[in-house]
Peer 1: 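The structure is given below, and queries will be raised subsequently.
Just so it is clear: chains get the letters A, B, ... in the order the sequence lines come, proteins before strands, and each one is counted from 1.
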Number of protein chains: 2
Amino acid sequence: MKKATSGKMKKPLTQREELRGKVIDALAQTMDLYGVNYSFGQLYGIMFFEDKPMTLEEMQTHMNMSKSNMSYAVRSLIDSKMASKLKEKDERKDLYAAETDFFKAFQSFFATKLQREIDVMRGALDAVIPPLSETILELNTSEEERKLCLEDLHKLKHAVSYYEWLQQFVNDLQSGAYFDGRHDNR
Amino acid sequence: MKKATSGKMKKPLTQREELRGKVIDALAQTMDLYGVNYSFGQLYGIMFFEDKPMTLEEMQTHMNMSKSNMSYAVRSLIDSKMASKLKEKDERKDLYAAETDFFKAFQSFFATKLQREIDVMRGALDAVIPPLSETILELNTSEEERKLCLEDLHKLKHAVSYYEWLQQFVNDLQSGAYFDGRHDNR
DNA sequence: CCTATCGTTCAATAATTATTCAACGAAGTG
DNA sequence: CACTTCGTTGAATAATTATTGAACGATAGG
């Protein structure tokens, strides 16, 4: 038996736990805005404060959720580069750690997300621009249709230049170029 | 009657419509990654190509969805600053236009989202740091508890400096500082 | 004023996403 | 080579979110 008489009870939070809770909630809300589900954001918050490698089992007890969901959650955090799996193990259990440097965490997060965006959009643009150009060049395209295609093409070219810029932006973000006058990494 | 014999039929798409569709799909997927629902992202794509003020009714026919949903969708786009309501009206109908400059559109979008993030997090940090500091300063706080609080406080201070940096970043983003060597706004 | 139509709201329903549970293969242990 | 226990998977369920439809106040036109 672990701690007390039976199943579940309202644990009396310490003040510190309560304060942590507020920050974790804000963090989870925030990540919610970027397409990360609230619970998974909470998990990041917990790992952030815990600040030492955690096993799935520990996550389970902290979050009070099934192990399979924790497995899913931690994978999602890893996908966004907000956490990583360590090479060491505790007993037989895998260990995971959150990136606790907010600069690095959100740097990785946005770099990952934006890169995905760029890839998706570039894929579409690369697939669409050639046939559209082709149609414009065709001799038997009606004048009206050619005009419409030209308008679209112009918009897509503008998009291309945007995603070129965005790619550069992501590169700079990853290289740390935007983090110059800062980092009190004491 | 509008166009043909009855209700709904598979309209035979022109090549141009099909190509547009691919780009719209990519756009919608992309926005999906940032917490904007797919349909609403599609609507942005449609408005982007349409490139002239649209009424709710037109959106309805393009998207084949209820007017109430279109009302909701357009409001969501306006919240993210990706579209705006015009002062003029067509008949009695309100007119809306999408921001067609991708630079501006995504600039507004991220500025809005990041600002919300900053506000939420600053709110939590401002609420939590004072009482936490207080506890540390209290004479009757146990040594153990003081140590834990100090660790948390250190993390939160790091977070504060991150959000200060992020605020500056958003300001720069809004001021256009990052868009220097570009903008082929021909 | 009366009528028609706009855009919004609210409650109901449909669709999607999050979560659990049971089962399984892959190690580590003895 | 059996025995655990780990992490993942896939199907079932719960919870949330998207979408609709009906009702309403506002307002422009007659």
Side-chain angles (χ1 to χ4, degrees), chain A residues 2 7-8 24-25 27-47 53-80 82-97, chain B residues 2 7-8 24-25 27-47 53-80 82-97:
Chain A
K2 316 271 162 80
K8 52 194 57 173
I24 291 173
D25 173 63
L27 224 33
Q29 270 185 257
T30 288
M31 299 183 65
D32 210 14
L33 292 175
Y34 297 99
V36 174
N37 102 26
Y38 184 90
S39 310
F40 296 3
Q42 275 185 303
L43 178 61
Y44 172 76
I46 290 169
M47 293 174 81
M54 290 179 74
T55 67
L56 286 184
E57 201 177 23
E58 289 173 295
M59 298 179 200
Q60 230 186 134
T61 52
H62 274 276
M63 299 269 299
N64 206 26
M65 283 182 152
S66 73
K67 183 156 29 173
S68 56
N69 206 29
M70 291 305 93
S71 169
Y72 183 25
V74 85
R75 209 163 343 134
S76 145
L77 291 179
I78 290 172
D79 283 348
S80 314
M82 307 267 307
S84 53
K85 185 200 276 207
L86 305 185
K87 287 151 295 295
E88 313 93 67
K89 294 201 177 197
D90 178 38
E91 310 282 326
R92 302 199 208 161
K93 297 167 191 159
D94 291 343
L95 287 170
Y96 305 90
Chain B
K2 315 273 162 77
K8 52 194 58 174
I24 290 172
D25 174 62
L27 267 173
Q29 271 185 255
T30 288
M31 299 183 65
D32 211 14
L33 292 175
Y34 296 98
V36 173
N37 103 25
Y38 184 89
S39 310
F40 295 5
Q42 274 185 305
L43 178 60
Y44 172 76
I46 290 169
M47 292 173 80
M54 289 180 74
T55 66
L56 288 184
E57 202 177 21
E58 289 172 295
M59 298 179 199
Q60 231 186 135
T61 52
H62 274 277
M63 298 270 298
N64 206 24
M65 285 182 152
S66 71
K67 181 153 36 170
S68 55
N69 206 29
M70 291 304 94
S71 168
Y72 183 25
V74 84
R75 208 160 345 131
S76 145
L77 291 179
I78 289 173
D79 283 348
S80 314
M82 307 268 306
S84 53
K85 185 199 277 206
L86 306 186
K87 286 150 295 296
E88 314 93 67
K89 294 200 175 197
D90 178 39
E91 310 282 324
R92 300 201 211 163
K93 297 167 191 158
D94 291 342
L95 287 171
Y96 304 89

Peer 1: Could you please name the option among C:dC6, D:dT8, D:dC6 that lies closest to any side-chain atom of A:Lys93?
Peer 2: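 For A:Lys93, the side-chain atoms sit closest to D:dC6.
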Peer 1: Is the CD atom of A:Glu88 crowded by more than 12 outside heavy atoms at less than 6.0 Å?
Peer 2: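 Yes - once you tally the heavy atoms of other residues, nucleotides and ligands closer than 6.0 Å, there are more than 12.
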Peer 1: Take the protein atom CE of B:Met63 and the nucleotide atom C1' of D:dA18, then report the distance between them rounded to whole Å.
Peer 2: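 It is 11 Å, rounded to the nearest whole Å.
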Peer 1: Report yes if at least one side-chain N or O of A:Arg75 is closer than 4.0 Å to OP1 or OP2 of D:dT9; otherwise report no.
Peer 2: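 Yes.
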Peer 1: Using the side-chain contact (heavy atoms from CB on, under 4.5 Å) rule, pick out the option among A:Ile78, A:Thr55, A:Leu86, A:Leu77 that qualifies with A:Tyr96.
Peer 2: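 Among A:Ile78, A:Thr55, A:Leu86, A:Leu77, the one that satisfies the side-chain contact (heavy atoms from CB on, under 4.5 Å) with A:Tyr96 is A:Ile78.
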Peer 1: At under 4.0 Å between heavy atoms, how does the protein contact nucleotides 12-22 of chain C? Give one character per nucleotide, 5' to 3', with B, S or -.
Peer 2: ------SSBB-
Peer 1: If I take atom CG in residue B:Leu56 and atom C1' in nucleotide C:dT9, what distance separates them, rounded to the nearest angstrom?
Peer 2: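 Atom CG in B:Leu56 sits about 14 Å away from atom C1' in C:dT9.
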Peer 1: Rounded to the nearest Å, what distance is computed from the CG atom of residue B:Asp90 to the P atom of nucleotide C:dC6?
Peer 2: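 Interatomic distance, CG of B:Asp90 to P of C:dC6: 10 Å.
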Peer 1: Between B:Met59 (CE) and C:dC6 (P), how many Å, whole number?
Peer 2: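 Between P of C:dC6 and CE of B:Met59: 14 Å.
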Peer 1: What integer distance in Å separates B:Lys85:NZ from C:dG7:P?
Peer 2: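 To the nearest whole Å, that distance equals 8 Å.
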Peer 1: B:Lys89 has an atom NZ; how far is it from atom P of D:dA26, in whole Å?
Peer 2: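 Going from B:Lys89 (NZ) to D:dA26 (P), I get 14 Å.
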Peer 1: Does A:Asn37 reach the main-chain N or O of A:Phe40 with its side chain, forming a donor-acceptor pair under 3.5 Å?
Peer 2: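 Yes; judged by distance alone, with no hydrogens or angles, the pair exists.
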Peer 1: Measuring from atom CD of A:Gln60 to atom OG of A:Ser71, what distance do you get when rounded to the nearest 0.5 angstrom?
Peer 2: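 The OG atom of A:Ser71 is 10.5 Å from CD of A:Gln60, to the nearest 0.5 Å.
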Peer 1: Applying salt bridge (Lys or Arg N to Asp or Glu O under 4.0 Å), name anything that partners A:Asp94, two or more places apart in sequence or on another chain.
Peer 2: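 So A:Asp94 forms a salt bridge (Lys or Arg N to Asp or Glu O under 4.0 Å) with A:Lys85, A:Lys89.
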Peer 1: Using a 6.0 Å cut-off, check whether atom OH of B:Tyr72 has over 12 heavy atoms from anything other than its own residue.
Peer 2: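 It does not: B:Tyr72 OH has 12 such atoms or fewer within range.
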Peer 1: With nearest nucleotides of DNA chain D determined for B:Arg92 and A:Val74 from heavy-atom distances, which residue corresponds to the more 5′ nucleotide?
Peer 2: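 By nearest-heavy-atom nucleotide position, the 5'-most residue is A:Val74.
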Peer 1: Please state how far atom CE in B:Met31 lies from atom P in D:dA18, giving the value in whole angstrom units.
Peer 2: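 Whole-Å distance recorded here is 13 Å.
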Peer 1: Return the value, rounded to whole Å, for the distance between atom OH of B:Tyr96 and atom P of C:dC6.
Peer 2: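 Whole-Å distance recorded here is 12 Å.
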Peer 1: For B:Met54 and B:His62: C-alpha separation, side-chain torsions, deciding distance, then whether side chain to side chain contact (heavy atoms under 4.5 Å, CB included) applies.
Peer 2: CA-CA 10 Å; B:Met54 289 180 74; B:His62 274 277; 3.6 Å; yes
